Amino acid sequence: MYNCIICRYHEIATKGNNRNMFEKCLVDNIRHILKTIDPLCRVRRIRGRVWIEPGENRQTFNNETLNAIISRLPDVFGLENFSPAILLPVDMDVIRQTAVQLAPEVFKSTGKTMPAFRVRARRSNKRFPLTSNEIEIDLVTAIAEKLGDNAFKINLKNADITLGCEIRDEFSALYFDNYAAAGGLPVGSNPRVLTLLSGGIDSPVATWQIMKRGSPTDFITFHSSPYTPQETVDKVRGLVKVLNSFQRKGRLFIVNLAEFQKAVRDNCAERLRTILYRRAMFRIAEKIALKEDCKALVTGEALGQVASQTVANMDTINRAVDMLVLRPLVGADKLETIAIAEKIRTMKLSSVQVPDSCTVFAPSSPATSAPVDLALAEEAKIPGYDAILEKIINDIEIDA
Ligand code: ATP
Ligand code: MG
């Protein structure tokens, strides 16, 4: 029965002169998703909303298309919520008749004998003869006349069924469902970044947070073959696949750090190994980011979580690069991060235990506060440091 989907946004609406760019980006992203579901669908921007319609003179969505759209739209950043709806003329008689027609089935679907019900009307068309409040009363009265007084109880705060009614200049719309979407800003409204993605819980969540602020991301992961198994990289590939459902496909740069780690093992103080690995990871990531036009690095670091994430060590690691490093989880509690990982479908995969690159030759007692001078002095002990990194970069494998 639905012939449109009303898509609402929130943060974009607060934008001034740039609002057009954000809206266009949102529409592009919705169109991109629809291409794989049903390319005939039509997407329009009309004053503060995006409307998806069946297109090509089709009267309504078929169920398969509608269900696919409902399952994909929650992943679109920039969208706050959306409702499958029925577009109608700006005519109270038609609106009332349609509401009365639809009501019995919707009420029945709750399985309750007396469901809690409310009507929410919005009127941007100020020439419409009824106010929002009068529209609400009109619709409730008409539905009560049709179904009888005992068919529902009114509850404005906590309703089983909310009938939405929007009156615009050119058309009106009725809807019953309101699905939550991801919020934030449309991916592509901020510059591309490069995420250091391990197989852990944190970095996939950090990726999602940054995409939610509008930056598309490519990924870089470090393994230590033959000291880490193939599963280490396969797990990251699985995570990239999930994360790419929130953006247009980002690439994965796969880097073997083993040669460098051997050099650290053979030449440097054991306690600094993890910090030296991390500084090399940052340097390699920065090189790739510059080459691929990514404007910042992203990590899943959270202050104080492990020895390499103390303020002192984060500072020492950070000083390996000039590029901005975004750490969206720096102040996050692990339980908050896990809750997001569950929501974004990465938790199950992240929980699979496989060896991580950082655990190769890991020190039994890592330094918790290594000044940058100490790290530089240890790095100076590695013969051909730059050449080792260069060779590693030349051997990078790319999943495009
Ligand atoms: P995560 O759960 O994301 O693995 P973590 O709490 O285990 O994070 P660390 O292992 O100390 O923390 O890593 C901190 C950050 O460094 C990660 O979030 C990630 O951004 C980056 N990182 C660590 N190991 C790798 C790796 N093997 N490949 C790419 N990035 C990595
Ligand atoms: Mg990790």
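Computed from heavy atoms alone, side chains included, the values below leave out hydrogens, waters and symmetry copies. As the structure lists them, so they are numbered: ligands from 1, and atoms in each ligand from 1. Note that the structure is a prediction, hence the values are computed from the model and not measured.
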Measure from atom 18 (O) of ligand 1 to every heavy atom in P355, G300, A302, C358 and give the option owning the shortest one. G300

Roughly how far apart are N3 CG and F171 CZ, rounded to 0.5 Å? 10.0 Å

Evaluate T299 for polar contact with ligand 1, using N/O atom pairs at a separation under 3.5 Å. no

Within a distance under 4.0 Å of any heavy atom of D202, pick out the atoms of ligand 1 and give their elements. 1 (P), 2 (O), 3 (O), 5 (P), 6 (O), 8 (O)

Q305 to ligand 1: N or O pair under 3.5 Å? yes

More than 12 non-hydrogen atoms from neighbouring residues, nucleotides or ligands closer than 6.0 Å to CZ on R237, yes or no? yes

Of all the heavy atoms in R278, does at least one lie under 4.0 Å from an atom in ligand 1? yes

Results of side-chain contact (heavy atoms from CB on, under 4.5 Å) for A103 - residues two or more places apart only: F107, I143, L147

If we only count N/O pairs under 3.5 Å, is V306 in contact with ligand 1? no

Contact between L297 and T299 at the side-chain level, heavy atoms closer than 4.5 Å - yes or no? no

Which ligand 1 atoms does F222 reach within 4.0 Å, using its non-hydrogen atoms? 26 (C), 27 (N), 28 (N), 29 (C)

Heavy-atom side-chain proximity of N256 to H223 below 4.5 angstrom: yes

Y227: partners by ring-ring contact (aromatic ring centres under 6.0 Å, His included), with sequence neighbours left out: F361

Does I220 come within less than 4.0 angstrom of ligand 1, counting non-hydrogen atoms of the residue? yes

Find all atoms of ligand 1 within a distance of less than 4.0 Å from any non-hydrogen atom belonging to S357, and give their numbers and elements. 27 (N)

Mind checking whether V298 has an N or O less than 3.5 Å away from an N or O of ligand 1? no

At a 4.0 Å threshold, what atoms of ligand 1 neighbour a non-hydrogen atom of T221? 28 (N), 29 (C)

Applying the side-chain contact (heavy atoms from CB on, under 4.5 Å) criterion to Y179, which one of C7, P74, S71, P84 satisfies it? P84

Specify side chain, backbone, both or neither for L197, according to which of its non-hydrogen atoms lie closer than 4.0 Å to ligand 1. backbone

Cation over ring, R8 on Y175, under 6.0 Å and within 45°? yes

